[in-house]
Structures are given as structure tokens and as C-alpha cells.
Amino acid sequence: MNTGLRITAFAAAAATTFGTAYGVGTGVGPVVADERPAGHGGHGAAREEEATGGGVSDGGHGAAAAAGGLQVSEDGYTLALETPRVAAGKRTELRFSIRDESGRKVTAFAREHGKELHFVVASRDLTVYRHLHPTRAADGTWSTSADLPAAGAYRAFADFKPAKEGAGALTLGADLAATGAYAPAPVPAPATTARVDGYDVTLTGGLRPGRSGELRLRVAKDGRPVTDLQPHLGAYGHLVALRSGDLAYLHVHPGGEPGDGSTEPGPEVSFTATAPSSGTYRLFLDFRHGGKVRTAAFTVEAGKPGTSAGPPAGRPETRVPGHRH
């Protein structure tokens, strides 16, 4: 499938400074926000403005990506974490709410990609990634179980659209800490192949600052192409990109969907993306096969001379530590 969506970049908040009691062992860094493709309403899309000095070209559509994702509050809505600190290595219930400008918990959301709200937690070093599926109580309190394996600084992102006339899609972010011994890890080296649970996912294409580019991810198992991928969140693949250093969040979906008459269930899933800037990005592809969702992770460099999606012969990476769905 070659029809992809463009990505709207979200700037993320500056990392909170933690003392020696906190640390990131297998954390995830920057997050990227998405924009909806034609015919596949994306969530978490940023407002657009005419491209000016600080803007980023959207690859020919004449608009720049508005900053977002770093904000805990926007357009009168606030992400309120009730559990801003958890113990590393222990499964914990995370609780939060979205509050309106009057401080009331929001209880009405528009469903996008099968969910009222998408919740992502990433460590600052980009080595831990969680795409969680919280449930909402009648009073507007959201909760989900999560385990953060390493101590340190994390960022929680709520991607949603209020069910209010005229309301736009938002991605709000808030800092989250996992207590324990501090042991930061470097961002994994660029690679074009990731291995997870016996599956090999190969990445071709690359990210280009200010210009659209195609990312193609091909899934194989035991050396054979997987041609029966199963839908996950309304698509055959779900991609999140995180910019190293500031947690800028890009959330993307493939240009096609199951049942549209042209999109095949594998082995290839493709996306069209525009990087907001040069730098190191971490890509997380969620795909479902055999009734289970798996995550393949890649590191790519945008704007570095002589690079696209990574070196020609990248060594396989291991699965994202402790990823859960």
C-alpha cells in the first residue's frame, strides 16, 4: 500500500530533572504526533498554520505543523495524572483524567480508530514504549495497568478528541517518574531490521526534515512473508515515531485500511511521513498476527548525510522491553 499519511509533528516537553533516586534504564524518549490520512481519520492531529520561519513543510500541502505534545494543557483541556510516580519493575495502576477549563472531568469523547482515547507512555531514552488501552469510569477517571521496568523519567501522552462541537483532536503530555536506581541507556544504534517473537521486520525508506518520505515495513516469519496480518486499531499497522531528546511525538497510520478493496493484509505496510527536524528518531510499529500484537522498534536518522532508514546492513534489534497491549 503506497498511499500513506503525512505526519504532524508535536513538540514535547523538556525532560523533568530527577535526582539520583530516579533513572531511565529502558526508557523511551520523544513522541511524535499524527495527522489523519485521507479516508482514515487520524487522531492526535495538530492544528495547522501557514508555513513561516518556525514551521515545518508538510511535503507540498502548504501548511506547517503546529507545536504540541509538550503541553499538559491546550484549548481548555488538561491531562491530569493521578499517579505521577510509580515504582519501577512493579505492575501499577495508572489513573488520570482529562479536565475542561472549569476543572471538570471530561466524560464525552469522539471514538477514533476504535477508541475514545489512546494512551502512550515512553521513557526518555526511547528504550521503553507502552501503547496502553485504558478504560474510563462514569465519572471520567481513566485507568490502566502498566509495568515500567526501569527507573527514570517517562512521558505520558493522551491522544483524544472531545465529543464537543467544534473541538479538535489533541495530544497532551505529562511527566511521569518511575522510582529506583538511576541507570540511563543510550538510544539503540540505527538498524534496518528488527526481530520480535520470531518475526523479522525490515524497514526501507527514511525520514527527511521538512519533506515527505515513504517508510515501508515488511513483516516475515521463519523467512516467509506474512500475508495474513490482522487488523489492529482499524489498520494492518500502527506507527509511532519519537524524536530523541525532547519527546516530540509523531503518531501515524498507514494509507489504507482493511476492507477498502485495495489494501492487502501484508507483508508490507507503508506510511508517508515528514520529519519536523533533523535528528534521531525511534519508530515503533505495532502489528497483529496470530491473535497477538507485537512491536518492532527501529532507530533512524533524519537529515544526516548519506542515511535513509539506517545503515544497509543493520543488526537485528530485540523486542521493546516489557511491551504490553
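By convention here, the first residue in the shown sequence is residue 1. Since the model is a prediction, treat every value here as computed from it, not as a measurement.
Ion pairing between a basic and an acidic side chain is recognised when a charged N comes within 4.0 Å of a carboxylate O; Lys90 and Asp147 show no such pairing. Between Arg208 and Glu301 there is no salt bridge, since none of the side-chain N atoms of the basic residue sits less than 4.0 Å from a carboxylate O of the acidic one. Ion pairing of Lys115 with Asp159 is absent here, as no side-chain N (NZ or NE/NH1/NH2) approaches a carboxylate O to less than 4.0 Å. Of the charged side-chain nitrogens involved, none lies within less than 4.0 Å of a carboxylate oxygen, so that Asp197 and Lys221 do not count as a salt-bridged pair. Using a cut-off of 4.0 Å between Lys/Arg side-chain N and Asp/Glu carboxylate O, Asp75 and Lys164 are scored as not salt-bridged.
Listed here is the closest heavy atom pair of Arg99 and Ala80: NE-CB, 3.9 Å. Of all heavy-atom pairs between Gly140 and Ser97, the closest is O-CB, 3.6 Å. What you find for Ala178 and Ala150 is that their closest heavy atoms are CB-O, 3.6 Å. Annotation for Leu207 and Ala273: closest pair CD2-CB, 3.8 Å, computed over non-hydrogen atoms. In terms of heavy-atom proximity, Ala194 sits nearest to Ala296 at CB-CB, 4.1 Å. Nearest heavy-atom pair across Ala146 and Leu132 is CB-CD1, 3.8 Å.
Side-chain contact between Leu217 and Val201: present, with at least one pair of heavy atoms (C-beta onward) separated by less than 4.5 Å. A 4.5 Å side-chain heavy-atom check between Leu215 and Val300 finds every atom pair outside the cut-off. A heavy-atom distance below 4.5 Å is not found between the side chains of Val121 and Phe157. Looking at heavy atoms from C-beta onward, Tyr129 lies in side-chain contact with Thr295 at the 4.5 angstrom threshold. Side-chain contact check for Phe160 versus Ile98: some heavy-atom pair is nearer than 4.5 Å. Put simply, the side chain of Glu116 reaches to within 4.5 Å of the side chain of Trp142, judged on heavy atoms. In this structure the side chain of Pro134 reaches within 4.5 angstrom of the side chain of Phe96, judged on heavy atoms. Tyr281 places none of its side-chain heavy atoms less than 4.5 Å from the side chain of Val187.
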Derivation and outcome, side chain to side chain contact (heavy atoms under 4.5 Å, CB included), residues Glu101 and Thr78: CA-CA 8 Å; Glu101 54 191 351; Thr78 298; over 6 Å; no
Test Thr192 against Thr204 for side chain to side chain contact (heavy atoms under 4.5 Å, CB included), laying out the working first.
CA-CA 7 Å; Thr192 55; Thr204 56; over 6 Å; no
The test is side chain to side chain contact (heavy atoms under 4.5 Å, CB included); show your working for Thr193 and Arg218 and say whether it passes.
CA-CA 10 Å; Thr193 301; Arg218 187 177 183 85; over 6 Å; no
**Request:** Carefully, step by step, assess Thr179 and Val86 under the rule side chain to side chain contact (heavy atoms under 4.5 Å, CB included).
**Result:** CA-CA 6 Å; Thr179 60; Val86 299; over 6 Å; no
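Atoms CZ and CG, from Arg85 and Asp175 in turn, are 10.0 Å apart once rounded to the nearest 0.5 Å. Atoms CG and CG, on Asp200 and Asp222 in that order, are 9.0 Å from each other to the nearest 0.5 Å. Once rounded to the nearest 0.5 Å, the distance linking CZ of Arg124 with OH of Tyr154 reads 12.0 Å. The CD atom of Gln71 sits 12.0 Å away from the CG atom of Leu79 when rounded to the nearest 0.5 Å. The line from CZ of Phe119 to OG of Ser143 is 10.5 Å long, rounded to the nearest 0.5 Å. One finds the CG atom of Leu170 at 10.5 Å from the CG atom of Leu117 (value rounded to the nearest 0.5 Å).
In this structure a side-chain-to-backbone donor-acceptor pair under 3.5 Å is present from Asp139 to Thr141. Put simply, the side chain of Arg288 never gets that close to the backbone of Tyr236: no donor and acceptor are under 3.5 Å apart. The main-chain N or O of Gly291 is found under 3.5 Å from a side-chain atom of Gln230 such that the two form a donor-acceptor pair. A donor-acceptor pair under 3.5 Å is absent between the side-chain atoms of His131 and the main chain of His238, judged by distance alone. No donor-acceptor pair under 3.5 Å is formed between the side chain of Arg216 and the backbone N or O of Leu203. Side-chain N or O atoms of Arg155 include one that pairs as donor or acceptor with a backbone N or O of Gly173 at under 3.5 Å.
Between Phe284 and Phe298, the ring center distance fails the sub-6.0 Å criterion. Aromatic rings from His289 and Tyr199 are positioned such that their centres are separated by under 6.0 Å.
Side chains of Arg91 and Ser145: a donor on one and an acceptor on the other come within 3.5 Å. Thr280 and Ser244 are not linked by any side-chain donor-acceptor pair at a separation below 3.5 angstrom, with hydrogens and angles left out of the test. Side chain to side chain, Thr299 and Arg282 meet the donor-acceptor criterion of an N or O pair below 3.5 Å.
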